[in-house]
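Just follow the structure's listing: the first ligand is 1, and inside any ligand the first atom is 1. Quick note: residue numbers are just sequence positions, from 1.
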Amino acid sequence: MTDELRARLSEWLRQRPLLVALDFDGVLAPIVEQPEAARALPGTDKLLERLAAIGGVHVALVSGRALTSLRAVAQVAPDSRLVLVGSHGAEVGGTVVQLDDDARDALASVHAAFLALAADRPGVHVETKPAGVVLHTRRAPRDVAAQVTEAALGAADRPGCHVTQGKEVVEVSVIETGKGVALERLRAELGAVGVLYVGDDVTDENAFAVLGENDIGIKVGDGDTRAAWRVADPEHVQDLLRLLAHG
Ligand SMILES: [Mg+2]
């Protein structure tokens, strides 16, 4: 963390109410091959809870994972103060947006196409979410990954499907959500005067896009971003949380 970022965070932290929102994978948890094996760095949970226990400071995990998956890997305690947002904002606190018939049909069709692409292709797998479906190619040979990604984008090119291409994933949602929409909703609910958002992937750019002058966007890792600040990896995110939680 640069001295400049440290100073900005310290100044920002004097206001109330504040929202600190973070993506999970690649931000709190190093990216691993098996998504279900992802865990936040040791000590991260305590820092998050400590930060959330500060009066007027709210902490949210905003993930593309389905809420059940996020809850499992983040291992938050039942009495946790953390707000969990899953499926890029389609799931908040256990409530899932209801699908209409068209959305249900679109989801079934893309789901079937993705399953066909994953069949007999080791390393390609399909994840089902309440309002979406995801094709994962991280564990596939590179030529296979490129081929099925193209086919998946083709299958998802239909009305009512919102496609996001992330790192080794093609994600299709049949409702219009995104981390930006989710973040704006949280900001309004909490009346936050400032938002800090930390993310590493393409889908996090939607969140960075809704940040204003009194907000702070921090991109983790390399790659183009709208975020004004950058740190290298989850270890550095932990440094940042330590500063926020302990002042
Ligand atoms: Mg991520």
Side-chain angles (χ1 to χ4, degrees), residues 1 19-42 44-45 47-48 51 59-76 82-92 125-127 129 131-139 145 149 162-173 177-184 186 195-211 215-241 244:
M1 195 179 353
L19 168 61
V20 177
L22 310 103
D23 176 31
F24 182 78
D25 294 277
V27 171
L28 299 177
I31 299 282
V32 291
E33 280 202 3
Q34 309 240 4
E36 62 278 12
R39 292 292 179 272
L41 291 176
T44 297
D45 52 344
L47 288 172
L48 290 172
L51 183 58
V59 180
L61 302 186
V62 182
S63 176
R65 286 176 182 265
L67 198 56
T68 49
S69 163
L70 177 60
R71 202 167 274 142
V73 292
Q75 301 189 302
V76 295
L82 304 190
V83 178
L84 298 190
V85 179
S87 299
H88 304 288
E91 296 178 275
V92 183
H125 81 273
V126 177
E127 179 193 356
K129 296 183 180 183
V133 58
V134 192
L135 187 84
H136 293 265
T137 55
R138 189 176 299 281
R139 282 175 270 174
T149 296
H162 308 278
V163 182
T164 312
Q165 220 181 324
K167 290 176 182 161
E168 301 293 335
V169 299
V170 174
E171 168 136 21
V172 177
S173 174
T177 54
K179 290 185 173 185
V181 177
L183 206 54
E184 286 300 66
L186 275 179
V195 175
L196 166 67
Y197 187 81
V198 193
D200 73 310
D201 208 341
V202 184
T203 56
D204 296 305
E205 293 300 319
N206 291 331
F208 292 135
V210 302
L211 298 182
D215 303 326
I216 302 177
I218 304 177
K219 159 89 173 176
V220 181
D222 300 328
D224 287 344
T225 185
R226 288 191 181 97
W229 303 89
R230 193 189 294 269
V231 297
D233 51 34
E235 277 79 10
H236 286 84
V237 174
Q238 201 169 46
D239 290 344
L240 192 149
L241 289 175
L244 293 174

Novice: Examine the side chains of E171 and T164 and answer whether a donor and an acceptor come within less than 3.5 Å of each other.
Specialist: no
Novice: For the residue pair R138 and I31, establish whether any side-chain heavy-atom pair is separated by less than 4.5 Å.
Specialist: yes
Novice: Listing by chain and number, which protein N, O or S atoms are under 2.8 Å from the Mg ion (ligand 1)?
Specialist: D23 OD2, D25 O, D200 OD1
Novice: Residues in side chain to side chain contact (heavy atoms under 4.5 Å, CB included) with A227, at least two apart?
Specialist: F208, K219, T225
Novice: When you compare the side chain of L61 with that of L28, does any pair of heavy atoms fall below 4.5 Å?
Specialist: yes
Novice: Testing the 3.5 Å rule here: is there a donor-acceptor pair between the side chains of D233 and H236?
Specialist: yes
Novice: Can a side-chain donor-acceptor contact be found between Y197 and D204 if the only test is distance below 3.5 angstrom?
Specialist: yes
